[in-house]
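Scroll down for the structure; my scribbles are underneath it.
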Amino acid sequence: MSLTIRSNSFRHGIHPDDHKEQTAELRIERVPFVATYVLPLSQNLGAPSQSIVRKGEAVRRGQKIARPGGYVSTALHSPVTGTVRAIEPRRHPDGRMLESIVIDADPYDPQLLPDQPPIDWESLTIDEFVTHVQEAGLVGMGGAAFPSHVKYKLPDGKKIETLVVNGCECEPFLTADHRLMVEEAARVVRGSEILAAKIGATKTVIGVEKNKPDGVKALQKVIGDRTDIEVAPLRVKYPQGAEKMLIKALFDLEVPSGKLPLDVGVIVNNVATMAAIADYFDHGIPLIERIVTVSGPGTGQPANLLVPIGTPIRALLSHCEAITEHMREVIAGGPMMGLPLMSIDVPVLKGTSGLLVFTKAEQSRLPEFTCVKCSRCLEACPAFLNPSRFGRLAHAERWDEIEEYFVMDCIECGSCTYTCPSNIPIVQLIRVAKSAIRKKNRKK
Amino acid sequence: MNDVLLSAAIMGGLATLFGVILAVAYKFLRVYEDPRLEPLVDMLPGTNCGACGSPGCRAFAESLIGGESAPSGCTVSSPENVDRVAGFLGVEAGARVKIVARLHCAGGRAQAKQIAEYEGFTSCRAAAVVGSGGKGCPWGCLGLADCDVACDFDAIRMNSNGLPVVDPDLCTACGDCVEACPRDIFELVPMTMPLLVQCASPLAGEDATNLCTVACDACGRCAMDADDGLIVMDNNLPVIEYARTDLAAPNATFRCPTGAIQWVPDGQFEGTVEG
């Protein structure tokens with residue numbers, strides 16, 4: 001069975017203003033190296049990595065400094081040549097103090113990557129390929145930072161027909177993936193090619209929203225008249241970049257509740273992850289840097305930056321002239337699903353796709369009212385859940401009941417909160433409920 | 001006339017039939033219930049708090065009759081009531097150790113550095129799921145009163161410093177606050193131990209005190225000064241052996257540079273309960 005592209009869109013969802021004009025035309029620029037890099041061992045979903053370097057040890061750029069701490073975990077590499085200053089708890093973007101490797105960059109080193117021969121990926125077995133991906137430190141770079149190799153290790157009896165490459169970037173403000181597609185389309189296509197060959201996918205579809213026509217054009221130019229890989233322009237809608245929504249939009253195919261895309265023969269990957277695969281297998285470069293969009297009304301010089309992982313966010317914000325007396329709130333990621341930062345003295349992680357700076361003018365903490373049962377959240381919910389009910393049940397702490405309403409299927413896209421006229425913090429309540437349910441299930 | 005008699009006969013017959021079924025069912029399906037159970041349930045507080053370990057007061061009464069637990073297991077009852085239950089059942093009341101919930105944090109607004117403003121939904125659990133609230137210390141009290149809301153006995157009040165204060169007289173050690181706290185810094189401790197560690201930060205030295213003025217900086221002086229076996233340092237925090245009340249002495253607190261370990265002889269902090 002080969003999936004046919006319908007290239008439409010999914011049902012429900014919302015249309016927030018995309019605000020991408022600030023950075024959509026700006027070329028990716030490399031940020032200058034800074035003095036100190038902080039690499040938390042918890043960079044990916046799942047288990048933290050385990051440090052394999054010691055204090056005082058000299059490290060090279062691209063050298064492995066931590067090994068995977070389990071199956072759902074990845075390796076970590078030094079983004080700079082320098083010395084390990086310490087391995088100690090440092091503040092993580094999520095607010096906690098977590099074990100991190102602190103590296104002082106060598107100011108006299110040219111910070112060049114050693115020339116590595118390409119890896120002969122064609123002769124690797126799938127298990128070796130998966131191990132390589134894990135050792136390269138690859139994670140889903142759209143924001144969730146899920147270790148990529150876990151997706152590629154298929155359970156017995158499962159077959160992948162289609163590789164979907166996710167270039168939707170449906171979050172407002174962010175243009176990191178957009179610029180990558182425009183400037184580095186060849187790398188994206190090359191990575192997709194390698195991955196599709198290894199997982200046995202016969203067809204590759206790159207889903208791109210129509211508000212990035214230059215991205216579509218750049219990819220099409222690289223692809224030429226090949227038939228195994230195709231670009232599918234999609235109607236602009238949020239949250240199209242969510243795996244299940246994207247599959248629905250492309251093939252009109254629904255991934256059942258509690259199942260994964262691979263259960264319908266599809267794997268979804270971000271464009272930046274594809275480029276990282278190409279870098280690793282063609283040039284031996286592990287995941288040590290990524291593109292970060294610095295934008296938002298509080299930013300003096302918005303930019304798309306190529307940033308070594310571990311760079312302090314304060315350095316990026318001052319590079320973009322965002323640290324002013326008007327700076328009020330900084331969000332790591334997009335405005336819909338991103339994480340509000342409690343401190344800007346935290347590092348860029350593998351999953352940090354953007355930094356958005358807002359001022360007092362954009363802030364609106366409106367009073368919360370009772371649910372008026374307008375059902376706008378139901379019409380917005382792309383997972384066809386009942387957010388209004390979640391809100392009320394979470395307020396009442398009725399965790400068992402809320403679980404029966406499939407709260408675990410919620411992708412936390414924030415569409416419900418966006419549409420709510422009563423300003424109910426529905427997603428936050430859902431997150432509280434989810435963490436309570438996980439706590440409860442752990443006890444059992 | 002016949003119709004009337006017939007219907008009366010049918011109804012009477014049915015009544016007799018069901019009566020017989022009920023009589024038989026009573027004979028064979030009857031569940032024996034101890035006659036002491038009902039009055040015993042009435043004697044218990046009826047709060048169904050679960051502090052005794054049973055799912056409710058009735059289940060606790062059953063385990064009392066079965067001899068599986070002692071009347072003192074009910075921490076909500078007053079000592080007089082425990083004695084009354086013991087007298088009613090003719091058993092020993094059992095050793096009664098008053099247990100209360102204590103907060104392992106003293107970093108209120110005045111002590112713990114605030115590095116951001118949290119403006120979301122007012123609840124500790126909600127703050128914990130989005131970027132850990134605004135306090136610099138990620139182990140300390142968030143101060144948004146989830147424990148106060150969770151407490152059924154009104155034993156927890158938030159003071160003006162933004163910290164919950166437990167009233168030991170009202171606390172029944174039901175464990176609801178322990179459950180509610182997303183930072184897991186409430187612990188049920190016996191009142192017989194007057195030493196109390198009021199910090200949960202695993203950092204040491206200046207790293208700890210930079211975040212909060214009353215943090216434990218892991219100097220270990222309390223463990224050195226106390227008698228052997230009372231305090232051990234674990235994960236940069238002193239851990240008190242609550243069972244060794246015989247060793248408890250205030251000298252462990254004398255050299256504490258930050259006041260993270262406290263000596264609370266009469267069960268209550270001075271002047272901390274307000275409003």
Side-chain angles (χ1 to χ4, degrees), chain A residues 86 88-100 102 327-333 337-346 358 360 362-368 391 394-397 399 412 414 417 420 423-440 443, chain B residues 50 107 112-140 142 144 146-147 149-152 175-185 199-212 215 217-218 235-237:
Chain A
E88 60 185 20
R90 285 290 183 107
R91 197 173 295 282
H92 189 272
D94 73 3
R96 291 179 295 169
M97 305 281 268
L98 297 174
E99 211 64 10
S100 310
V102 185
M327 182 172 82
R328 182 83 186 136
E329 189 175 358
V330 182
I331 293 175
M337 292 187 69
L339 185 75
L341 295 179
M342 72 177 328
S343 164
I344 57 170
D345 293 309
V346 295
F358 294 96
K360 188 94 190 160
E362 291 83 41
Q363 264 207 333
S364 57
R365 171 97 167 97
L366 302 167
E368 182 184 339
H395 261 307
E397 303 189 5
W399 312 131
E412 300 176 19
T417 314
C420 183
N423 311 316
I424 300 170
I426 306 175
V427 183
Q428 203 180 356
L429 287 164
I430 289 175
R431 284 194 191 170
V432 172
K434 279 182 162 183
S435 78
I437 289 168
R438 278 192 212 107
K439 194 171 167 185
K440 190 186 75 181
K443 262 192 207 143
Chain B
K113 213 164 126 195
Q114 200 81 16
I115 61 167
E117 270 172 56
Y118 170 71
E119 293 195 332
F121 179 50
T122 315
S123 143
C124 306
R125 274 174 288 192
V129 292
V130 287
S132 292
K135 230 179 237 181
C137 172
W139 297 278
L142 285 156
L144 297 168
D146 275 14
C147 48
V149 175
C151 185
D152 289 336
D176 281 354
C177 50
V178 180
E179 205 46 35
C181 181
R183 290 278 163 89
D184 292 324
I185 47 174
C199 182
S201 159
L203 296 181
E206 277 183 7
D207 288 344
T209 50
N210 281 346
L211 292 175
C212 177
D217 64 356
N235 197 14
N236 284 337
L237 280 171

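Once rounded to the nearest 0.5 Å, the distance linking CE of A:Met97 with CG of B:Asp207 reads 6.5 Å. Here OG1 of B:Thr122 is found 9.0 Å from CD of A:Glu368. Values are rounded to the nearest 0.5 Å. One finds the CZ atom of B:Arg125 at 4.0 Å from the CD atom of A:Glu397 (value rounded to the nearest 0.5 Å).
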Acceptor/donor pairs from residues 425-437 of chain A side chains to any protein atom, 3.5 angstrom cut, sequence neighbours excluded:
{"residue": "A:Gln428", "atom": "NE2", "partner": "B:Tyr118", "partner atom": "OH", "Å": "2.7"}
{"residue": "A:Gln428", "atom": "NE2", "partner": "B:Ala126", "partner atom": "O", "Å": "3.0"}
{"residue": "A:Arg431", "atom": "NE", "partner": "A:Glu412", "partner atom": "OE1", "Å": "2.9"}
{"residue": "A:Lys434", "atom": "NZ", "partner": "A:Cys410", "partner atom": "O", "Å": "2.7"}
{"residue": "A:Lys434", "atom": "NZ", "partner": "A:Glu412", "partner atom": "OE2", "Å": "3.0"}
{"residue": "A:Ser435", "atom": "OG", "partner": "A:Val432", "partner atom": "O", "Å": "3.1"}

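Of all the listed residues (B:Gly120, B:Gly134, B:Ser123), the one sharing the greatest number of non-hydrogen pairs under 4.5 Å with chain A is B:Gly120.
B:Pro138 and A:Gly95 make their closest contact through CB-O, 3.6 Å (heavy atoms, listed as atom of the first residue, atom of the second, distance). The heavy-atom pair separating A:Met342 from B:Lys135 by the smallest distance is CE-O, 3.2 Å.
For B:Ala127, the part sitting under 4.5 Å from any heavy atom of chain A is the backbone (N, CA, C, O) and nothing else. For B:Glu117, the part sitting under 4.5 Å from any heavy atom of chain A is the side chain, from C-beta outward, and nothing else.
Using a distance-only test at 3.5 Å, with no hydrogens or angles considered, a donor-acceptor pair links the side chain of A:Lys439 to the main chain of B:Glu179.
The neighbour count for A:Arg328 CZ, taken as heavy atoms of other residues, nucleotides or ligands under 6.0 Å away, is above 12.
Remark: A:Ser343 engages no residue in a side chain to side chain donor-acceptor pair (under 3.5 Å) (not counting sequence neighbours).
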